[in-house]
Each structure stands twice: as structure tokens, then as C-alpha cells.
Undergrad: 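Please see the structure below; I have some questions.
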Amino acid sequence: MAKEFWRWKEYNWKSETIDWKDGNTVSCGIDVGSVSSQAVILVDGELYAYSSMRTGSDSPMSATNAMNWALEDTGMTQDNVHYVVGTGYGRVNVPFANKTITEIACHARGANLMYGNTVRTILDMGGQDCKAIRCDEKGKVTNFLMNDKCAAGTGRGMEVFADLLSIPIEDVGELSFQVDEEPPPVSSTCVVFAKTEATGLLREGWPKNKVIAAYCSAMSHRVVTLLQRIGVESDFVITGGIGKNVGIVRRLSQELGFETLKTDYDSQIAGALGAALFGRALAEKARN
Amino acid sequence: MIDKFVQWEKNRHQYAKDWKARTGGKVMGYFCTYVPEEILYAADILPVRILGSHEPHDVTEAHIFGMYCPFSRDCLAQGLKGRYDYLDGIMIAQSCLHIRQAYTSWTKHIPVDFEYYLPMPNNVQSPHATPYLTEEITQFRKALEKWIGRELTDENIQNGIDIMNENRALMHELYTYKKNDNPPVSGADTMEIAISQQMVDKREHTQALKELLAELGGGKSYSKNSGTRLMVLGSENDDIAFIKMVESVNGTVVADDHCIGTRYFWNNVKPNENLVESIATRYIERPACPSKDWIDRTRIPHILSMAKEFDVKGAIVIQQKFCDPHELDIPAITKALQANDIKTLFLEFDVTVPIGQFKIRVEAFLEMLQEDDLF
Amino acid sequence: MINVGIDVGAKNIKIVIVNGQDIIAKGKVLSGFETKETVIALYDQLLGEANVTKDQINLITSTGSGRKAVDFAQKSITEVTAAAKGATTLYPNVHCVIDVGAEEGRSIRVDSNGKIVDFALNEKCAAGAGAFIESMARALEVSIEDFGMLSLQSDREIPMNAQCAVFAESEVVSLLHSKTDKKDIAKAVNDAVASRITSMTRKVGFENDIELIGGMAKNTGFINALKKGLDSEIIVPENAEYVTAFGAAIYND
Amino acid sequence: MSIPTYKTETLKCWNKAKEIRNDFYTNYASAHEKGGLRWAGGAWSFGAIPAGLGNDIFPITGEPYGASIAFNKEFSLRCLEATEKKGYARDLCSYMRSYWGSIILDEYAFGGKFPKPDFMWQDHICCSHSKWYQVASELEGGIPTYSIDVAVGPYNSVTDSKIEYLVNQMHDGIEWLKKTTRREYNDDLLIEAVNNECRATALWAEICLLNMTVPTPIDEKSMYSLYVLGTLEKHSKVVADFYEELLDEVKYRVANGIGAIAHERCRLMSDTQPPWGFLSVFRYLEKFGAVSVGSLYTFGLIGVWEDKPDGTWGPRTTPKELGIDITTRDQALKILADWNLSKPEWQHFYSPHLKSDMMIKIAKQWKIDGVLLHYNRGCEGLSLGIAENRLALIEAGYPVMAFEGNMGDEREFDEAKTMGRIDSFMETLGMTII
């Protein structure tokens with residue numbers, strides 16, 4: 001594989017306005033997902049720095065890398081962090097975590113801060129599973145559902161596609177709207193067969209955009225059925241990598257009849273952010 | 001004491017072989033807990049329930065279409081692999097179509113000396129079910145007599161009833177301990193006891209239970225666990241690994257509605273002058289398998305009262321993949337539980353369960369139930 | 001008599017040119033999207049290698065899921081027939097042909113005359129095929145070539161639950177996270193696919209000899225798992241992935 | 001191989017069949033306008049019993065209704081998804097899921113809102129049958145429901161006590177019907193209905209028997225649209241009379257060598273319901289000169305059969321033919337119970353081996369060259385033991401093509417892949433497209 005189109009870009013960010021040294025509580029959340037890992041650092045609950053990287057096959061390493069990259073040019077070291085919460089598939093392998101909490105609880109908690117306490121339904125489209133989460137005004141989970149059996153409608157599925165069509169994953173969404181009319185969704189549920197189906201369509205001379213559109217609508221439709229099983233209540237938001245894929249997001253909200261709230265935060269860090277918020281609470285709890 | 005039950009469960013086949021050697025008696029493999037074991041004990045036959053082994057296998061696809069429940073396929077696999085080579089007879093009491101296939105393929109490909117299909121009625125809510133079943137059990141009794149070459153006297157039948165009743169009563173007593181704030185026996189250990197109950201000579205099992213109960217009576221505890229009180233319910237479930245995982249993340253299974261567990265022993269035979277009829281009545285009135293729970297839903301009040309009795313905080317609803325009878329009950333039961341402020345987690349089981357993926361859900365579920373101040 | 005067999009598979013196009021039953025040229029290329037053009041390019045190249053001209057060609061037979069695209073073929077047969085023909089021609093004592101390609105697994109039972117008695121194919125899910133291994137290899141960050149060898153170094157039994165390729169990938173990831181050794185995971189994956197294929201083969205009922213063809217024949221770990229599952233020796237012809245194309249080339253009424 | 005050519009002709013009574021079907025669904029919908037009653041239940045239920053409530057009692061049977069939905073792919077998908085949204089599993093009976101979807105969406109496949117039944121009258125043939133209406137009743141906000149358990153074992157083991165168990169439930173059922181509908185019960189109407197049911201179901205068997213002829217007078221694809229009437233109202237005079245008419249026409253076709261397809265050179269049989277949205281599969285087979293002449297499903301679900309002295313299979317002799325004059329309710333119910341328990345498609349619920357024997361019997365008697373087994377994910381009941389049937393047929397020397405699909409959920413049927421499989425299968429039978 002010459003160029004790996006399915007890979008999400010890796011990046012980090014640091015606040016220019018906050019000086020961590022002024023803070024009482026520095027908490028950190030590490031979300032070691034199946035596909036990517038994020039580290040978020042909060043100073044008294046304020047977002048200070050974060051990073052997002054591809055998860056390697058060695059998860060403790062991924063956790064450490066994500067952490068270090070988030071700390072890059074902050075002058076902060078791990079010792080300055082009061083409390084670390086690990087979450088995600090690899091949460092048990094965050095060597096320096098004080099506690100682990102599931103990504104389901106963390107995404108709800110994170111979304112509550114990112115989008116405000118009016119959020120009641122969260123769709124987390126992660127790399128390999130898709131979670132529909134209901135929560136209350138505190139961001140506490142009241143119910144959740146995960147997709148079973150089949151991975152159509154997961155980030156991985158979309159990546160397989162981006163790769164097949166040699167389109168950078170970030171561009172998939174926009175391209176999927178560059179069609180004269182919405183094509184019928186691909187019928188195959190199996191990601192691998194959907195790929196074959198797409199190959200067939202391309203062989204028939206379909207333009208890539210049209211194929212992408214067909215896949216996006218198939219994918220969003222599957223997710224909608226999952227959401228409707230648990231019941232969607234506004235405000236509705238989408239976290240996780242796919243949250244950035246307008247090709248899915250727009251089709252989804254269209255079919256659901258719900259607008260998704262926008263946020264200035266990076267939707268991919270919701271889990272780590274939630275973990276960091278729990279971290280802050282736990283740190284303060286430990287103090288008094 | 002618990003270890004005895006564990007050993008029985010782990011070495012089930014060896015146990016049966018030894019029992020045979022020791023007693024010279026016959027062993028009857030059976031599918032489904034509607035089989036009236038009273039009659040088998042009356043005939044000095046050891047009833048052994050056919051269960052799966054939770055190992056991936058590749059021997060049943062030729063015999064059972066993949067859209068049927070993995071448990072029934074796992075059961076058949078055990079037979080095809082020769083693990084039950086010590087059986088003298090095989091029988092089934094009619095319940096769902098899925099398990100029936102394991103039985104019909106078994107009779108063709110793993111022939112034994114004696115086979116019997118007991119058409120247990122499905123309309124257990126009809127007043128005509130008991131007289132009908134009484135006649136069917138009478139026919140079964142005759143068939144058995146023919147096979148073993150002797151008549152079964154009423155004393156024999158009474159004896160069979162006594163053996164079953166005593167064992168079921170003691171299991172009930174065990175469960176009363178699970179109502180404690182800190183149940184002295186974990187859910188995983190309880191399952192070991194419940195599984196062994198279906199394959200070990202009830203007289204031995206009863207003896208062991210008495211000793212265990214004496215220990216518990218004396219304040220002994222086998223469990224440090226006092227996590228969130230959970231109930232498990234749904235399809236056949238003998239997946240100890242799963243229960244252990246649940247209890248490893250601080251859940252405690254205190255009650256269940258499974259055909260391994262309470263549904264198997266919840267009610268007893270109340271003997272009357274017509275012994276066979278009193279047995280039939282017991283099986284008609286026992287907590288229903290969903291395949292027989294119509295037109296009224298009797299399972300819902302039963303499950304709710306159990307949840308109350310055992311002070312359950314959450315319920316894990318387990319369904320064998322493709323299990324139609326449970327798929328037809330779960331939405332209604334889930335609704336009823338939630339209406340009574342008991343949150344539910346639904347999990348679909350296969351021959352083996354993806355512990356890793358399920359762990360996340362169970363932990364998230366427990367986090368959901370916990371009253372914490374992190375918000 | 002010079003004949004050509006063109007096998008248009010889900011992933012690769014394989015072409016074989018035979019003189020009688022002797023292969024005089026063979027080649028393969030990724031299917032891509034312009035199937036016909038790709039086929040023609042490879043075909044012309046092979047004609048060169050075999051230095052024969054188009055008019056010397058007696059019959060072109062296409063096969064494989066994409067066979068319709070080869071409109072210049074005079075004959076078109078299904079991959080089941082082609083696989084059986086090729087495999088039994090190479091090894092006349094073969095009674096069971098197992099063909100595992102990128103996205104399809106097949107078991108074919110043939111009688112002593114090479115006539116097909118029964119066959120089974122994997123259904124809607126790709127778990128019984130090579131693509132499954134590919135995504136697992138990616139999760140393990142090892143090449144598909146090393147994957148087989150790696151799995152041979154393990155003797156652990158880990159059941160894989162997920163039947164879906166992508167879900168299995170996440171199971172692999174959680175195995176990795178629980179510090180399971182790569183070689184053990186590789187074995188678990190090969191065992192899982194082999195068990196799918198074994199089931200399918202038991203379904204059609206198999207007698208020796210058994211022959212494995214298709215791309216997966218390169219995965220030594222898979223072959224081992226299959227031998228274990230069927231408790232039998234397995235013949236793996238060289239150029240296993242060309243057997244179907246070969247079968248098409250030598251197929252004629 | 002030389003390709004035969006036969007005369008073909010479209011069935012004359014085709015439109016009549018369509019009419020009867022349409023009337024059935026409109027009568028049900030409009031029953032209340034005429035002061036009549038509506039009931040819902042399965043195609044297997046003892047419909048002859050509610051018939052005793054009067055001549056203005058109109059049923060809707062769930063399975064054929066589910067199949068009708070499957071023909072309309074757009075509506076079908078909406079129904080299935082509506083059911084999934086309510087939290088019901090996707091692998092349940094697809095007729096049932098479509099039926100529930102139609103209730104949930106409150107849309108009738110034949111126009112308008114879904115007409116609520118006044119009561120539900122079912123029998124419990126598979127794990128889902130009674131519970132189908134248990135849930136339907138819940139979805140409808142509580143409709144009185146009665147269901148009869150028929151699971152007493154295969155016909156070859158029937159005893160008086162087994163019959164009695166059914167008949168007692170039927171007697172209770174009649175009392176329940178009177179209470180629920182506040183109507184008088186008319187035994188003469190019951191007796192008439194029982195006689196009609198025996199007549200109709202024996203006639204259908206006789207029609208199927210004529211398919212032994214080469215060329216086969218009707219192909220299975222056409223049979224679906226004809227046998228369905230029996231699944232709608234097997235106890236009605238209209239259906240019985242229609243089958244009389246159909247029998248005459250099929251006899252005429254046989255006499256005149258009129259075939260179902262022009263180039264019959266390969267006779268197939270199928271099993272379980274087809275994927276209803278894709279009967280194109282059968283059209284595709286015709287291109288090879290292959291025709292499906294029937295199945296245990298089309299023969300034995302509505303047809304009632306018996307072994308004849310010469311060992312062959314023939315229509316079961318009706319009570320009337322035996323000179324039995326039904327005079328009492330109890331007698332009618334006993335006959336109804338016995339008749340239904342002898343239904344071939346019922347036997348395999350107890351053992352796939354009984355079914356294999358029947359399939360092999362058909363294969364021999366109807367001169368079958370190959371078998372298409374639809375591993376039907378949509379029907380737990382009829383797919384029961386299908387893998388064992390496959391083994392038995394192959395052992396008996398019949399080539400079998402198995403394909404997975406779903407009678408009523410097109411998401412589980414892969415048309416292209418199935419056609420590809422047919423290509424391979426036809427090749428193994430030495431057939432190419434004509």
C-alpha cells in the first residue's frame with residue numbers, strides 16, 4: 001500500500017491563553033481507542049492541550065506517545081499532572097492512569113462540556129463500533145446501545161472505503177455531496193462486500209463521488225436504525241472521528257430530522273475530555 | 001465445599017462414566033428441562049442434561065442451518081465429537097424448535113439404545129394441558145418400563161418425586177442466602193452448583209448441598225464480593241466465564257431466570273393420589289419457558305417479584321443468538337423492568353462470548369447504576 | 001492446441017496460456033476498475049512472453065466473478081467448474097477441492113471422473129476468506145506473507161468470536177491490548193478462518209485427496225490449521241492461485 | 001442434447017384467482033361496513049371454527065399478508081425497519097416482522113389504515129406463532145386473542161388423547177368466541193366449513209398430482225399464486241369451488257400436452273418459501289430449460305395427502321368420499337383436528353427425517369432431476385432440519401443447490417450471488433442457457 005489514504009492525520013493543540021502553572025488541578029484523560037488515541041489535559045476543567053494519534057499495536061506505548069505529544073512545548077511533565085483517567089479499548093494499558101472509566105461514560109461527560117448540558121443523545125462513531133448514548137443534564141449515562149454483528153456503519157468501514165477509492169479520509173464527506181442526485185445506497189451490509197459492490201460500480205463507470213455518496217447514505221441509514229432503537233431526544237450530537245465526516249453527519253440529521261449541535265471543540269477528543277473531567281473531580285475528591 | 005460442585009461440573013463426563021461403573025445403571029441424556037426426571041429416578045436411571053462446551057467447533061454446519069441458536073449447535077457438537085459416548089438413552093421434552101434439531105440430528109447420527117420424544121404441551125395456560133401431559137407421561141413411563149424390563153410401582157414414582165423435591169427445596173434454601181447484603185456465594189459459584197445439579201445424581205448433589213448449607217448456616221462465606229446487585233435472565237446460560245467477568249468488575253449476580261438456575265427448581269411436585277398427574281401439574285405450573293408463555297405473559301410478574309425479593313439494581317438480559325422465543329419476550333420484559341426502575345443491559349450470546357467487548361458494556365452498565373458524585 | 005484461461009477475481013486477474021496442458025505463460029495483476037483494459041494489457045504481455053500470436057490462439061475461456069467483462073472470450077464458465085477442472089487435472093485422485101480467494105471460499109466435491117457432485121460457498125459475510133486475513137494482518141501491523149509464518153510459532157488456542165472481518169479486527173485489537181502475543185493472535189485468526197472453511201467442507205462431505213487452491217494457499221499457518229481441522233493431508237499445487245485460470249484454459253466440451 | 005419444445009398457454013382461471021385474492025383483502029377491510037366481524041390469525045389456524053359465527057366473518061391470515069408486503073420492496077423495508085425500531089430482533093420471522101410493521105405504521109398493504117381485527121384466532125405451530133399475535137395484540141392496544149396448541153407429535157403417532165387435547169381447546173375456543181363476539185354459534189356453518197376445507201385441501205393435492213406429467217402443466221412460480229388462496233381461506237366454499245375449476249383446467253392442459261414452459265428438459269423441486277421479491281430466479285431457470293414442478297411446501301402446506309395402496313402419494317380421501325356425514329360439533333372438530341394433523345408440511349416439525357422421506361418420495365414420483373433448497377433465514381419453522389434434508393437428498397442421489405436468503409427480508413438475499421450459484425449448479429447438471 002503506497003499511500004495510506006485511510007489514516008487520519010495526527011495532530012496536537014495547546015492553549016495560548018492558559019498558563020498551567022496558575023491552575024490548582026491539572027487533570028488528564030487518555031482515550032486509547034481501537035483506531036486512534038487522544039490525550040487531553042485540563043487545567044481546572046479548562047481545555048489546555050490535547051493530541052490525537054493513530055493507535056499502534058502496542059497500546060501502553062500509544063498512551064505514552066499521545067500523552068507526551070500533548071505535553072509537547074508546554075513545559076509540563078507527567079509529574080505536574082494530578083490525576084490521569086484512562087478510557088477506551090486500551091484503557092487498562094495506560095501505565096500512568098490513576099483510574100479507568102469506560103468510553104461510554106467519558107463520551108457522555110465530554111459531550112456535556114463540548115456541546116452544553118442540553119445534550120441528551122450522543123452518537124459516538126468510533127473506529128470499530130458505534131454507540132448510541134442517552135444522558136441527563138449532568139452528562140451521566142442513562143442508557144446506551146452498541147452495534148452488534150456487523151461493522152457497516154463504523155469508522156473502519158469508511159476507512160476501508162477511502163482507501164479503496166484513494167481519497168484522503170478527511171475529504172470523503174465533502175466529495176460525497178458533489179453528485180447531481182443522491183444515488184441508491186449500496187445494498188451490501190458487509191464492509192468487505194460493500195467494497196466489492198463499490199468496485200463493481202466503479203467498473204460500471206460510476207464516478208467516485210457517486211460511489212462515496214452511495215456508501216455514506218448506506219452507512220448513515222444503518223446508524224439511524226441503531227439510534228431509533230434507543231430513541232433520539234434532542235439535543236443530539238455526534239462525537240468521534242466520523243463526527244467530522246459531513247457526508248455522514250448531514251445525511252444522518254436529515255433522516256433523523258434532528259440538527260446536530262456544532263462545537264468549536266474537536267469532536268474526536270470527546271472521550272479523552274470526559275476522562276479528564278472525571279479526573280479533575282476525582283483529584284479534588286482525593287484532596288478533601 | 002464449593003469445589004466439589006466445580007469438580008462435578010468440570011468433569012461431568014467422567015462423573016457419569018464412574019456413576020455407571022459404580023451402579024451398573026443406565027444413563028439418559030436429555031434436552032430441555034421439561035423432562036420429568038422424577039420418572040427417570042423412579043427407574044434408577046441417571047438423567048444427564050446435554051450442554052455445550054463453549055469451544056468453537058466446525059462439525060454441525062452440515063446438520064443444523066446457521067440461523068439456529070448456537071446453544072443447540074454446541075450441544076449437537078458434543079455428541080458428534082463423542083463426548084457423550086456413555087449414554088444409553090437420549091430424550092427430549094418438547095419446547096423450542098431450535099433444540100429439537102439437536103435431538104433429531106442426534107438420534108440419526110449418534111444412535112443409542114433408547115430414544116424418546118415427549119410432546120410436552122405448549123399451551124400450559126389451558127386447563128386441558130395437565131390431563132394431556134398426564135397421559136403423555138404415562139406413555140413415557142410405559143416406554144421406560146419396556147426398556148428397563150420391569151414395572152415402575154407407585155413406590156418407585158414416589159421415590160423419584162422425593163429425590164427431586166428434596167434437591168429442589170435445598171436449592172431454594174441456597175438462594176435465600178443470596179438475598180443477604182453480602183451473599184456468601186458468588187453468582188459464578190451458584191452457577192457451578194446449578195449446572196452440576198442437572199448432571200449429578202440428585203442424591204449426591206443433595207448431600208453436598210446439605211453440607212454447604214450447614215456451612216453457610218454457620219456464617220461461612222465463599223464470597224468477598226458485595227458489588228452492585230444484578231439479575232441475569234433470558235436464554236439458556238451456563239457461561240461461567242461471563243459471570244466471572246461480571247463479578248470481576250464489581251457486579252454481583254444474586255438472582256436469575258434461566259433454565260439453568262431458578263426455572264429448573266423453583267417449584268415442587270405436590271403429590272396427590274394420582275402421582276403421575278401431580279408430576280404433570282408441576283411441569284405445567286413451573287416458571288415458563290418463553291416458548292410456552294402465551295397468551296398471557298406470566299414471566300413478567302414472576303421476574304418482577306424475583307427482582308424485588310432479591311433487591312436487584314440492574315438486570316443483564318441474555319439472549320442466545322437467533323433464540324426466537326426469547327426475542328419475542330425481551331422487548332416486553334425490558335419495558336416492564338425499566339418501568340419498575342430496574343435498568344437493563346442486553347447481550348447476545350454465541351458459543352463463545354467476546355469477553356473483551358462485553359466487558360466494556362458491563363462496566364459501562366455498572367457505572368450507569370452507581371450513584372457517584374463525579375458530576 | 002494453444003488455449004487461454006482468464007480468471008477475473010475480486011482482487012486479482014490471473015491469465016494462463018496453455019499448449020495442450022502445458023502452461024507456456026501465466027501472469028497476474030490487480031483487477032482495478034478498468035477490468036477489460038487491464039486484462040488486455042496482461043494478455044498481450046503474456047502472448048509476448050509465450051511468443052505466440054493472437055491467430056494461433058484456439059480458444060479463450062473466461063471465468064471468475066468478473067468474467068462478464070472479458071467480452072472477447074469465446075467461452076465463459078463459472079469459477080466452480082473451472083476450479084474443479086484445473087485441480088483435478090493436476091491431481092486426478094482429488095475428490096475435494098478447496099478454493100479460498102480474497103473474498104470467497106469454496107468447497108467442491110468431485111467424483112473419480114472429476115465431475116462435480118456438490119459444492120458450497122461462503123454466504124453474505126467475508127469471514128471465510130482472504131480479505132479477513134488481510135484486515136487482521138493490518139491490525140497486527142505485519143505483512144500478509146509474515147502472517148502465516150508468525151502463526152506457526154504459536155500453540156495457544158484462542159477462540160475468535162466475531163465473524164465479521166471488521167469486528168474481528170476490533171477483537172484482535174482488544175487481544176493486543178490485553179497483551180496477547182502477536183503470534184498467538186495470528187494463529188487464532190488462521191484457526192478462525194480455517195474453521196469456517198472446515199465447516200463448509202464438512203458440509204459438502206469430503207474424501208481424500210484434498211487439494212487447496214487460491215490465494216490463501218500461500219498462508220502456511222492457514223494450511224496447517226486446515227489440515228488439523230480436517231484431520232487430513234492437503235495437496236497444495238505450486239501456482240495454487242492460477243489453478244482456476246488453468247482450469248478455464250483447458251476446459252472444453 | 002436435443003431441446004424439446006412444448007405448447008404453452010396462460011392459465012384461463014388466472015384472473016379469477018386474482019379476483020378471489022383481492023376480494024379477500026377488501027372484504028376483511030370493509031367487514032365492519034356490512035356489520036360483519038374481522039379476525040386475524042395464521043394461515044394454519046382452524047379458520048373453519050370462527051366460520052360458525054356467521055357468514056359475515058372475514059379473516060386476514062398473517063403469512064400470506066406478510067408475503068404480499070414482501071412484493072412491495074419499498075413498503076416492505078419500511079415495515080421491517082419500523083419493527084426493528086421498536087426493538088424487535090432482525091432475525092425473527094420476516095412475515096411476522098412485516099405484519100407488525102404494517103400495524104406500527106398503521107398502513108394496510110392494500111390501501112388505507114391497517115384494519116384492526118375484532119379478535120385474534122391462532123394456532124401454535126412454531127415458536128413464533130402464538131407469540132406473533134401476543135405481540136400484535138400488544139401493538140394494537142389489546143385485542144382478545146385465542147390460540148390452540150397442536151404440537152402433539154407427528155401424525156403417525158396420533159392417539160385419542162392427542163386429538164382430545166386439540167378438540168378440548170377447540171370447544172373452549174368456541175365458548176370464547178361466543179363470549180368475545182357476543183354472537184350465537186351455528187354448528188351447521190362449522191360443519192359446512194369443515195367439509196369445504198377437506199374438499200379444498202384434497203383438491204389442491206389432486207392438482208399437484210397432475211404435475212407428475214411431462215411437460216409439467218403448471219410451474220411452481222404459478223402455483224404460488226394459486227395455492228395462496230388456500231392459505232387465505234382454506235375452509236371457504238369460494239376457494240374449494242375455484243380448485244374444482246382449476247383442476248379441470250389443469251386436466252385439460254395435461255390432455256393437450258400444454259406445458260408450463262416451452263423447453264422443459266430439467267425438472268426441479270424447491271423447498272421452503274422463496275424470497276418473494278425475487279421470483280425472477282425461476283424465470284432465470286427457464287432460460288436453461290429448467291422448471292420447478294413443486295415442493296413439499298407448495299404441495300403439502302395446503303394440500304392434504306395420504307399413501308395410496310400402491311405406495312404412491314395421493315390426495316387424502318375426504319369424509320364425504322368416505323360416506324361420513326358430519327352431524328355434530330364434536331364430530332366436526334375431531335375430523336378437523338385429525339385432518340390438519342395429517343398435513344404433510346406439519347410432520348417435519350417433529351423430525352427432518354420424516355420430511356426427507358417425503359421429499360425423496362416427491363422426487364421419485366414427480367421425476368425430479370435436481371433440488372433447490374432455500375435456506376430461508378425468514379422462517380424458523382420451514383427451514384427446520386433443512387441441513388439434514390440436504391444430506392438425505394444427496395445421499396439419495398439428487399443434486400442439491402442450497403442458497404441462503406429470506407422470504408420476506410430482501411436485505412438478506414443476494415440476487416447476483418444466487419444467480420451466479422445457479423450458473424454453477426446448471427453447469428454441474430450439464431446445462432447451458434438455451
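Predicted model, so just to flag it, every value in this text is computed and none were measured. Chain letters run A, B, ... following the sequence lines, proteins first and then strands; every chain starts at 1.
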Undergrad: Where does Glu164(D) contact chain B at under 4.5 Å (heavy atoms): side chain, backbone, both or neither?
TA: neither
Undergrad: When only pairs under 4.5 Å are counted, which of Gln122(D), Lys86(D), Lys162(D) shares the most heavy-atom pairs with chain B?
TA: Lys162(D)
Undergrad: Among Ser383(D), Ser351(D), Cys126(D), which has the most heavy-atom pairs under 4.5 Å with chain B?
TA: Ser383(D)
Undergrad: Answer yes or no: is there an ion pair linking Arg141(B) with Glu145(B), defined by an N-O contact shorter than 4.0 Å?
TA: yes
Undergrad: Is it the backbone or the side chain of Tyr350(D) that comes under 4.5 Å from a heavy atom of chain B, or both, or neither?
TA: both
Undergrad: Does Arg297(B) reach the main-chain N or O of Ala332(B) with its side chain, forming a donor-acceptor pair under 3.5 Å?
TA: no
Undergrad: Taking the side chain from Tyr146(D) and the backbone from Gln169(D), do they hold a donor-acceptor pair closer than 3.5 Å?
TA: yes
Undergrad: Go through the atoms of Pro331(B) and report whether side chain, backbone, both or neither lie under 4.5 Å from a heavy atom of chain D.
TA: side chain
Undergrad: With no hydrogens and no angle check, is any side-chain donor or acceptor of Arg100(B) less than 3.5 Å from a backbone partner on Phe349(D)?
TA: yes
Undergrad: Can you tell me which portion of Tyr103(B) sits under 4.5 Å from chain D's heavy atoms? Options are side chain, backbone, both or neither.
TA: neither
Undergrad: So, applying side chain to side chain contact (heavy atoms under 4.5 Å, CB included) with Asp329(B), which one of Cys323(B), Pro290(B), Ser291(B), Ser235(B) is it?
TA: Pro290(B)
Undergrad: Are the side chain of Asp293(B) and the backbone N or O of Arg299(B) linked by a donor-acceptor pair below 3.5 Å?
TA: yes
Undergrad: Would you mind telling me which of Gly381(D), Gly87(D), Ser161(D), Ser137(D) has the largest number of heavy-atom pairs within less than 4.5 Å of chain B?
TA: Ser161(D)
Undergrad: Which bit of Ser105(B) comes within less than 4.5 Å of chain D, counting heavy atoms only: side chain, backbone, both or neither?
TA: both
Undergrad: If you measure only the distance, is there a donor-acceptor pair under 3.5 Å linking the side chains of His57(B) and Gln78(B)?
TA: no
Undergrad: Heavy-atom pairs under 4.5 Å with chain D - which of Thr104(B), Ile330(B), Asp324(B) has more of them than the others?
TA: Asp324(B)
Undergrad: If you tally heavy-atom pairs under 4.5 Å against chain D, which of Ala62(B), Ser95(B), Ser126(B) wins?
TA: Ala62(B)
Undergrad: Go through the atoms of Pro131(B) and report whether side chain, backbone, both or neither lie under 4.5 Å from a heavy atom of chain D.
TA: neither
Undergrad: For Leu391(D), is it the side chain, the backbone, both, or neither that has a heavy atom closer than 4.5 Å to a heavy atom of chain B?
TA: side chain
Undergrad: Determine, for Lys108(B) against Glu388(D), whether the closest basic-nitrogen to carboxylate-oxygen distance falls under 4.0 angstrom.
TA: no
Undergrad: Any side-chain to backbone donor/acceptor pair from Asp149(D) onto Asn122(B)? Under 3.5 Å, distance only.
TA: yes
Undergrad: Without hydrogens or angle criteria, can the side chains of His326(B) and Glu236(B) be said to hold a donor-acceptor pair below 3.5 Å?
TA: no
Undergrad: Salt bridge check: are Lys334(D) and Asp338(D) linked by an N-O gap of less than 4.0 Å?
TA: no
Undergrad: Quick check on the interface: out of Ile295(B), Ile64(B), Leu97(B), who has the most heavy-atom pairs with chain D under 4.5 Å?
TA: Leu97(B)
Undergrad: Considering only heavy atoms, which portion of Asn376(D) lies under 4.5 Å from any heavy atom of chain B: side chain, backbone, both, or neither?
TA: backbone
Undergrad: Can you confirm whether the side chains of His129(D) and Glu63(D) place a donor and an acceptor under 3.5 Å from each other?
TA: yes
Undergrad: Please check: side-chain N/O of Gln101(B) versus main-chain N/O of Gly385(D), any donor-acceptor pairing under 3.5 Å?
TA: yes
Undergrad: Taking 4.5 Å as the heavy-atom cut-off, does anything in residues 112-121 of chain B contact chain D, and if so which residues?
TA: Tyr117(B), Pro119(B), Pro121(B)
Undergrad: For Phe403(D), is there any backbone N or O sitting under 3.5 Å from a side-chain donor or acceptor partner on Lys417(D)?
TA: no
Undergrad: What residue in Val135(D), Val150(D), Val152(D) has the most heavy-atom pairs under 4.5 Å with chain B?
TA: Val152(D)
Undergrad: Tell me, out of Gln125(B), Glu61(B), His109(B), who's got the most heavy-atom pairs with chain D below 4.5 Å.
TA: His109(B)
Undergrad: With only heavy atoms counted, which part of Glu136(B) is less than 4.5 Å from chain D, the side chain, the backbone, both or neither?
TA: side chain
Undergrad: Tell me which of these, Gln94(B), Gln319(B), Glu135(B), has more heavy-atom pairs under 4.5 Å with chain D than the rest.
TA: Gln94(B)
Undergrad: Can you tell me which portion of Asp296(B) sits under 4.5 Å from chain D's heavy atoms? Options are side chain, backbone, both or neither.
TA: backbone
Undergrad: Quick check for you: to the nearest 0.5 Å, what is the distance between Asn274(B) atom CG and Thr130(B) atom OG1?
TA: 11.0 Å
Undergrad: Can you tell which part of Met120(D) gets under 4.5 Å to a heavy atom of chain B, answering side chain, backbone, both or neither?
TA: neither
Undergrad: Would you say the side-chain atoms of Asn406(D) and Glu410(D) include a donor-acceptor pair closer than 3.5 Å?
TA: no
Undergrad: Do you know which of Ile386(D), Leu384(D), Asn389(D) has the most heavy-atom pairs under 4.5 Å to chain B?
TA: Leu384(D)
